[in-house]
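Working notes, beginning with the structure itself.
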Amino acid sequence: MTLPPLLFALLMWFIGTGAVVWLDSRPRETFRTSLILAGLVAIGAIGLVWARAGDSSVGGAYAGFAAAILIWGWHEMSFLMGHVSGPNRAECPPEAVGWARFKAATATVIHHELAIAATAILLFAITWGQPNQAAPLTFLLLFVLRVSAKFNLYLGVPNLSDEVFPEHLAYLKSYFRKARCNVLFPFSIVLGSALAFWAWTVAEAAPAGSGASASATLIAGLTILGVVEHLFLVLPLRDAKMWQWASNNKAARAVVERVGRG
């Protein structure tokens with residue numbers, strides 16, 4: 001019973017990320033239409049979360065997980081397409097250090113983080129007291145993994161993974177720091193691994209074939225993927241080439257190919 005949820009988590013993560021990369025690499029004049037259509041899908045997904053909140057079956061767990069991924073994809077598109085980020089869209093001043101640098105960096109993404117937080121609250125609100133918590137827990141996990149990754153990029157890691165960063169968000173690169181490692185990174189890996197192990201034990205303890213078991217397994221699988229993405233920040237491997245197939249931008253593909261060769 002554990003293999004299907006793990007494969008489903010991997011498939012949703014891979015296809016979802018690839019779709020966002022493809023849509024974000026298309027001409028900018030397509031962004032508005034893509035974002036509107038994705039927004040309609042996200043609204044439908046929120047409706048699905050509400051409708052299946054009382055469904056404790058395996059199907060309900062899959063539906064909640066998939067809905068959370070779809071909603072998350074819309075948020076990521078709104079950020080990567082430059083529509084929802086923050087009031088600061090300037091490069092980091094060379095003299096900014098300490099608290100000044102942190103405030104400037106926070107101002108580049110704060111609107112997006114608040115939008116995600118508001119959506120997480122909404123998902124928990126519409127499923128409050130219901131047995132199917134797959135959607136809010138999945139969305140919250142994605143939020144935590146995102147915040148952890150951003151803090152690690154801010155503090156410094158060997159691989160910034162910014163080769164195919166959208167040109168209109170290039171200023172964000174100035175807030176990243178290249179370093180051998182940082183004090184947060186080991187905690188991110190340990191806590192992420194512990195969360196995956198905990199979710200796995202919950203899945204094993206739940207009745208076989210139940211929605212609770214499937215939900216916990218999906219969470220465990222997604223957490224493992226998040227830990228792997230964190231490891232790409234420090235290992236001598238580049239994950240940019242993984243999404244070469246999804247890029248619709250010839251320039252971006254050329255960069256990815258250069259990265260893959262060298």
Side-chain angles (χ1 to χ4, degrees), residues 1-24 37-77 116 119-120 122-124 126-127 130-146 148-149 191-232 239 242-246:
M1 181 59 195
T2 57
L3 186 58
L6 289 176
L7 291 177
F8 187 77
L10 175 62
L11 187 65
M12 287 297 301
W13 170 80
F14 189 76
I15 294 179
T17 303
V20 171
V21 170
W22 182 74
L23 290 170
D24 187 52
L37 292 177
L40 294 175
V41 171
I43 293 172
I46 292 173
L48 178 63
V49 172
W50 176 77
R52 302 294 292 269
D55 186 355
S56 59
S57 68
V58 173
Y62 283 134
F65 183 86
I69 297 294
L70 291 173
I71 299 166
W72 182 264
W74 174 65
H75 275 288
E76 284 297 280
M77 287 173 58
I116 292 176
T119 303
L122 173 63
L123 293 178
F124 275 104
I126 64 177
T127 59
Q130 298 297 317
N132 187 1
Q133 295 293 310
L137 291 177
T138 298
F139 194 85
L140 180 61
L141 173 61
L142 289 168
F143 189 17
V144 171
L145 291 172
R146 171 189 166 83
S148 174
L191 292 176
S193 300
L195 177 59
F197 178 77
W198 173 80
W200 189 268
T201 58
V202 170
E204 291 294 305
S210 66
S213 176
S215 293
T217 305
L218 289 165
I219 294 295
L222 187 60
T223 307
I224 292 170
L225 289 170
V227 172
V228 171
E229 285 192 321
H230 275 64
L231 290 174
F232 273 121
D239 61 340
M242 184 188 306
W243 308 112
Q244 178 181 349
W245 63 273

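Between Gly221 and Leu6, the shortest heavy-atom contact is CA-CD2, 3.7 Å. A pairwise comparison of heavy atoms in Val58 and Ala214 identifies CG1-CB, 4.1 Å as the closest pair. When all heavy atoms are compared, the tightest approach of Ala67 to Val49 is CB-CG2, 3.6 Å. Closest of all the heavy-atom pairs between Ala63 and Arg52 is CB-NH1, 4.0 Å. For the residue pair Gly211 and Ala61, the shortest heavy atom distance occurs at O-CB, 3.7 Å. Here the closest heavy-atom approach between residue Ala216 and residue Val202 is recorded as CB-CG1, 3.9 Å.
No side-chain heavy atom of Leu225 sits less than 4.5 Å from a side-chain heavy atom of Phe14. Residues Pro5 and Phe65 fail the side-chain proximity criterion, which asks for heavy atoms closer than 4.5 Å. Here the side chains of Trp74 and Val41 are not in contact, with every heavy-atom distance at 4.5 Å or above. Ile219 is not listed as a side-chain neighbour of Trp200, based on a closest heavy-atom distance of 4.5 Å or more.
Checked by atom type and distance alone, the side chain of Asn132 never pairs as donor or acceptor with a backbone atom of Ser56 at under 3.5 Å. Here the side chain of Ser210 pairs a donor or acceptor atom with the backbone of Ser213 at under 3.5 angstrom. Using modelled atom types, one side-chain atom of Gln133 and one backbone atom of Thr127 make a donor-acceptor pair closer than 3.5 Å. Within the 3.5 Å criterion, the main-chain N or O of Val144 finds no donor-acceptor partner in the side chain of Ser148. In this structure, His230 contributes its side chain and Gly226 its backbone to a donor-acceptor pair below 3.5 Å.
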One pair to check against side chain to side chain contact (heavy atoms under 4.5 Å, CB included): Ile71 and Leu123. What are the steps and the verdict?
CA-CA 10 Å; Ile71 299 166; Leu123 293 178; 4.0 Å; yes
Apply side chain to side chain contact (heavy atoms under 4.5 Å, CB included) to residues Ile116 and Trp72 and explain how you reach the verdict.
CA-CA 8 Å; Ile116 292 176; Trp72 182 264; 3.7 Å; yes
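Taking CG of Leu48 as the reference point, atom CG of Asp55 lies at 9.5 Å (rounded to 0.5 Å). A distance of 9.5 Å separates CG in Leu23 from CG in Leu37, rounded to the nearest 0.5 Å. Here CG of Leu218 is found 10.5 Å from OG1 of Thr223. Values are rounded to the nearest 0.5 Å. Taking CZ of Arg146 as the start and CD of Glu229 as the end, the distance is 12.0 Å to the nearest 0.5 Å. Rounding to the nearest 0.5 angstrom, the gap separating the CD1 atom in Ile46 from the CZ atom in Phe139 is 8.5 Å. The distance from atom CG of Leu145 to atom CG of Leu222, rounded to the nearest 0.5 Å, is 6.5 Å.
For the residue pair Gln130/Trp50, the side-chain donor-acceptor check at 3.5 Å is not satisfied.
Checking each of Ile69, Leu7, Thr17 against Met12 for a side-chain contact (heavy atoms from CB on, under 4.5 Å) leaves exactly one that passes, namely Ile69.
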